[in-house]
Participant: 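First the structure, then my questions, so here it is.
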Amino acid sequence: MRSDLGVFLRAAANRPLVIGAFAPTSELLAAQLVEVVPKRGAPTVLELGPGTGAISGLIRSRLPSRARFVAVETDRAMVDHLAQTRPWLEVLHMDAADLGSRIGAGEVDAVVSALPWTLIPERAQERILDAVSRVLAPGGSFTTIAYLTGTRSGPGRRFRGRLDAAFDEVLTTRTVWRNLPPARTYVCRRPTVAAAPGQK
């Protein structure tokens, strides 16, 4: 069985425009990212782009026993690796833009994302954010990584503008300088595209 790092490096070399980062997420950044995950009740938590599962374990450690934890991953090698190393994780091999076909409106209490947004085409960004907005519960939160190298670029600024349009509140956390590359997170609440009436 390949190690997490070995699988990550192989995927990053083969698909650099999909993986986006050149090192796995640091523990400090991952801890900041998962702060939105509920610790009580029976929440549903969705992770976008789990990769080798570096963040998945931290999410799981916060979840109560009755929680449902789902991850969406497009890379087949990553999906297979997760099935072997994280059998407790429900992994959907699909595009995040299509998650509404597998998860109902308003069902998700927290969405955690490590997707490389500035490398994703703008139309695809819009489709993913729309899907997230529709599955997110009214009181839920969406959090995602923003690499400092990209936040000041044109694509980075446009993505932040899409977040501001998609959510009523977008908070920027402190920069984690010990991540490679340095990064911060965006915490988004109250999607402007609400779940259908009668949903969670």
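Not measured: the values here are computed from a predicted model.
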Participant: Check whether Ile145 and Trp177 end up in the same hydrophobic cluster, where Ile, Leu, Val, Met, Phe, Trp and Tyr are linked by side-chain heavy atoms less than 4.5 Å apart.
Facilitator: no

Participant: Would you call Ile120 and Phe159 a side-chain contact if the rule is heavy atoms closer than 4.5 Å?
Facilitator: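 Heavy-atom side-chain distance check fails, nothing below 4.5 Å.
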
Participant: When rounded to the nearest 0.5 angstrom, what is the spacing between CD1 in Ile128 and CG in Asp95?
Facilitator: 5.5 Å

Participant: To the nearest 0.5 Å, tell me how far Ser26 OG sits from Arg178 CZ.
Facilitator: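 Spacing of OG (Ser26) from CZ (Arg178) equals 8.0 Å.
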
Participant: Taking all non-hydrogen atoms of both residues, which atom of Ala54 and which atom of Arg86 are closest, and how far apart?
Facilitator: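 Here Ala54 and Arg86 meet closest at N-NH2, 4.4 Å.
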
Participant: In Å, rounded to the nearest 0.5 Å, how long is the span from CG of Leu148 to CG of Asn179?
Facilitator: 10.5 Å

Participant: Start with the C-alpha gap between Val79 and Arg76, add the side-chain angles, then the distance that decides, and say whether side-chain contact (heavy atoms from CB on, under 4.5 Å) holds.
Facilitator: CA-CA 5 Å; Val79 172; Arg76 181 75 255 180; 3.2 Å; yes

Participant: Begin from the C-alpha positions of Phe142 and Leu129 and carry the test side-chain contact (heavy atoms from CB on, under 4.5 Å) through to its verdict.
Facilitator: CA-CA 10 Å; Phe142 166 61; Leu129 290 177; 3.9 Å; yes

Participant: Report the C-alpha separation of Leu48 and Val132 in whole Å, then their side-chain angles, then the decisive distance to 0.1 Å, and conclude whether the side-chain contact (heavy atoms from CB on, under 4.5 Å) test is met.
Facilitator: CA-CA 10 Å; Leu48 305 183; Val132 168; 3.9 Å; yes

Participant: Can you find a pair of side-chain heavy atoms, one from Pro38 and one from Pro64, that are under 4.5 Å apart?
Facilitator: no

Participant: Heavy atoms only: give me the nearest Asp75-His93 pair and the separation to one decimal.
Facilitator: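 Here Asp75 and His93 meet closest at C-NE2, 4.3 Å.
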
Participant: Taking all non-hydrogen atoms of both residues, which atom of Pro50 and which atom of Ala71 are closest, and how far apart?
Facilitator: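 Of all heavy-atom pairs spanning Pro50 and Ala71, the closest is CG-CB, 3.7 Å.
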
Participant: Any chance you could measure Leu136, atom CG, to Ile103, atom CD1, to the nearest 0.5 Å?
Facilitator: 11.0 Å

Participant: Can you check side-chain contact (heavy atoms from CB on, under 4.5 Å) on Arg134 and Leu99, steps first, answer last?
Facilitator: CA-CA 10 Å; Arg134 292 181 186 280; Leu99 62 90; over 6 Å; no

Participant: Nearest 0.5 Å, please: how far is CZ in Arg66 from OG1 in Thr44?
Facilitator: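 One gets 11.0 Å once the value is rounded to the nearest 0.5 Å.
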
Participant: What I'd like to find out is whether the side chain of Glu47 reaches to under 4.5 Å of the side chain of Val70, using heavy atoms alone.
Facilitator: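 Heavy-atom side-chain distance check fails, nothing below 4.5 Å.
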
Participant: Applying side chain to side chain donor-acceptor pair (under 3.5 Å), can you list everything that pairs with Ser141, at least two apart in sequence or on another chain?
Facilitator: Arg189

Participant: Please answer whether the main-chain N or O of Asp168 pairs with a side-chain N or O of Arg190 as donor and acceptor at a distance below 3.5 Å.
Facilitator: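 Checked: no pair found.
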
Participant: Which heavy atom of Ala97 sits nearest to which heavy atom of Ala131, and what is that distance?
Facilitator: O-CB, 3.7 Å

Participant: What I'd like to find out is whether the side chain of Trp117 reaches to under 4.5 Å of the side chain of Pro155, using heavy atoms alone.
Facilitator: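 No, side chains not in contact.
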
Participant: Does any N or O in the side chain of Asp109 come within less than 3.5 Å of the main-chain N or O of Val45, such that one atom is a donor and the other an acceptor?
Facilitator: no

Participant: Please identify which of these residues, Gln32, Glu35, Arg184, meets the side chain to side chain donor-acceptor pair (under 3.5 Å) condition with Thr173.
Facilitator: Gln32

Participant: Does some side-chain heavy atom of Glu107 sit less than 4.5 Å from a side-chain heavy atom of Arg68?
Facilitator: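 Counting from C-beta outward, Arg68 and Glu107 do come under 4.5 Å.
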
Participant: For the hydrophobic clusters of this structure (ILVMFWY residues joined by side-chain heavy atoms under 4.5 Å, transitively), does one cluster hold both Leu28 and Val34?
Facilitator: yes

Participant: Using side-chain contact (heavy atoms from CB on, under 4.5 Å) as the criterion, list what pairs up with Ala30, not counting sequence neighbours.
Facilitator: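 Ala30: side-chain contact (heavy atoms from CB on, under 4.5 Å) contacts with Thr25, Ile55, Leu58.
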
Participant: For the CZ atom of Arg162 and the CZ atom of Arg157, what is their distance to the nearest 0.5 Å?
Facilitator: 12.5 Å

Participant: Any chance CD of Glu27 has more than 12 other-residue heavy atoms, nucleotides or ligands included, within less than 6.0 Å?
Facilitator: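 No.
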
Participant: Does Arg160 qualify as a cation-pi partner of Tyr186, given the criterion of NZ or CZ under 6.0 Å from the six-membered ring centre and within 45 degrees of its axis?
Facilitator: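 Positive - Arg160 is close enough to the ring of Tyr186 and near enough to its axis.
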
Participant: Could you report the tightest heavy-atom contact between Thr192 and Ala165, atom names first, then the distance?
Facilitator: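 What the structure gives for the nearest pair is OG1-O, 3.1 Å.
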
Participant: Looking at Val91 and Glu73, what are the two nearest heavy atoms and their distance?
Facilitator: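 That closest heavy-atom pairing would be CG1-CB, 4.4 Å.
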
